[in-house]
> 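Got a structure for you, questions after.
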Amino acid sequence: MTALKAYAVVAEDGIGYIYFAERKGAARRAGANELADGDKHSVDCWRVKWADCCAKTGRVPASLAVSHGWRFECAGCGRDIDGDDYDDDDNPTIDPGAIVGDVDGLVFCTPDCKARD
């Protein structure tokens, strides 16, 4: 058996997940089935080697994805969670270590925000 590799699959509306598969075609099919009613032409698919380390568990922490350019909306307060938000002193406004959740589930900007939800 070949090791599973991580692939990002994103639909035309910008919603996407990370799928683990031996080949790109298998990841594209899985993503298309979940995101685009099976239409493989309605999704983009590419390798995300930085997530290969998560293949064993199948869970990609949102904090890891944010550090690689992914963006989420906090399920608690609606705040944008991304790596591009800095204050006037060039400090990140969201602590990447405080982000709670996985790419394929609810994501919160802080543990306190999750507790309030």
Side-chain angles (χ1 to χ4, degrees):
M1 180 175 176
T2 306
L4 296 179
K5 300 173 192 166
Y7 295 89
V9 182
V10 179
E12 292 172 344
D13 63 3
I15 303 291
Y17 300 109
I18 295 176
Y19 294 85
F20 297 97
E22 291 182 10
R23 294 193 169 90
K24 183 178 180 177
R28 181 184 289 274
R29 272 190 304 281
N33 287 338
E34 187 171 348
L35 299 167
D37 294 325
D39 182 4
K40 293 185 292 185
H41 302 290
S42 294
V43 296
D44 287 327
C45 180
W46 65 92
R47 280 278 284 129
V48 285
K49 292 180 182 181
W50 53 264
D52 284 350
C53 62
C54 304
K56 192 172 220 173
T57 64
R59 298 176 62 193
V60 180
S63 57
L64 177 62
V66 166
S67 72
H68 287 88
W70 283 54
R71 183 206 150 278
F72 299 90
E73 182 177 305
C74 179
C77 67
R79 180 180 187 182
D80 281 341
I81 303 171
D82 60 35
D84 296 331
D85 206 8
Y86 296 88
D87 65 16
D88 292 337
D89 295 324
D90 220 19
N91 297 312
T93 57
I94 294 180
D95 174 11
I99 298 170
V100 179
D102 296 321
V103 168
D104 62 350
L106 296 177
V107 177
F108 297 88
C109 61
T110 65
D112 287 343
C113 198
K114 179 179 181 183
R116 282 191 301 270
D117 190 55

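Positions are given from 1 along the sequence.
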> Taking all atoms of both residues into account, what is the closest heavy-atom pair of P111 and A98, and its distance?
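Minimum heavy-atom separation between P111 and A98: CD-O, 3.3 Å.
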> Does the side chain of V10 come within less than 4.5 Å of Y17's, by heavy atoms?
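Not touching, per the 4.5 Å side-chain cut-off.
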> Side chain to side chain contact (heavy atoms under 4.5 Å, CB included), that's the test. Do I81 and V107 meet it? Break it down for me.
CA-CA 9 Å; I81 303 171; V107 177; 3.8 Å; yes
> Just wondering, do F72 and V66 contact through their side chains at under 4.5 Å, heavy atoms?
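The answer is yes, as the side chains (C-beta and beyond) meet within the 4.5 Å cut-off.
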> Minimum heavy-atom separation for V103 to P61, with atom names?
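Between these two residues, the closest heavy atoms are CG2-O, 4.3 Å.
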> What distance separates I15 CD1 from L35 CG, expressed to the nearest 0.5 Å?
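Interatomic distance, I15 CD1 to L35 CG, rounded to 0.5 Å: 8.0 Å.
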> Of all the heavy-atom pairs spanning A27 and V9, show the shortest one and how long it is.
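Closest approach of A27 to V9, heavy atoms only: O-CG2, 3.5 Å.
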> With under 30° as parallel and over 60° as perpendicular, where do the rings of W50 and H68 fit, or are they tilted in between?
parallel
> Is any side-chain N of the basic residue among R47 and D52 closer than 4.0 Å to the acidic one's carboxylate O?
yes
> To the nearest 0.5 Å, how far apart are SG in C113 and CZ in R79?
9.0 Å
> Within a strict 4.5 Å, meaning less than it, do heavy atoms of the C54 and F20 side chains meet?
yes
> Provide the closest heavy-atom pair for K40 versus R29 in the form atom of the first, atom of the second, distance.
CD-CG, 3.6 Å
> After noting the C-alpha distance and the side-chain angles of T110 and C77, does the key distance pass the side chain to side chain contact (heavy atoms under 4.5 Å, CB included) rule?
CA-CA 10 Å; T110 65; C77 67; over 6 Å; no
> So how far is it from D80 CG to R71 CZ, rounded to the nearest 0.5 Å?
4.0 Å
> Can you find a heavy atom in the side chain of K24 that is under 4.5 Å from one in the side chain of Y7?
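Heavy-atom side-chain distance check passes, below 4.5 Å.
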> Check the surroundings of atom CG in D13: do more than 12 heavy atoms from other residues, nucleotides or ligands lie under 6.0 Å from it?
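Counting other residues, nucleotides and ligands, CG of D13 exceeds 12 neighbours.
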> For the atom pair NZ (K114) and CG (L106), what is the distance rounded to the nearest 0.5 Å?
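The CG atom of L106 is 8.5 Å from NZ of K114, to the nearest 0.5 Å.
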> Is any side-chain heavy atom of I99 closer than 4.5 Å to a side-chain heavy atom of C109?
no
> Measure the CD1-CG distance between I18 and D102 for me, rounded to the nearest 0.5 Å.
10.0 Å
> Taking all atoms of both residues into account, what is the closest heavy-atom pair of A8 and W70, and its distance?
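It is CB-CZ2, 3.7 Å.
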> Just so I know, are the side chains of V43 and R28 near enough to count as touching, which here means a heavy-atom distance under 4.5 Å?
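In short, these two side chains touch, coming nearer than 4.5 Å.
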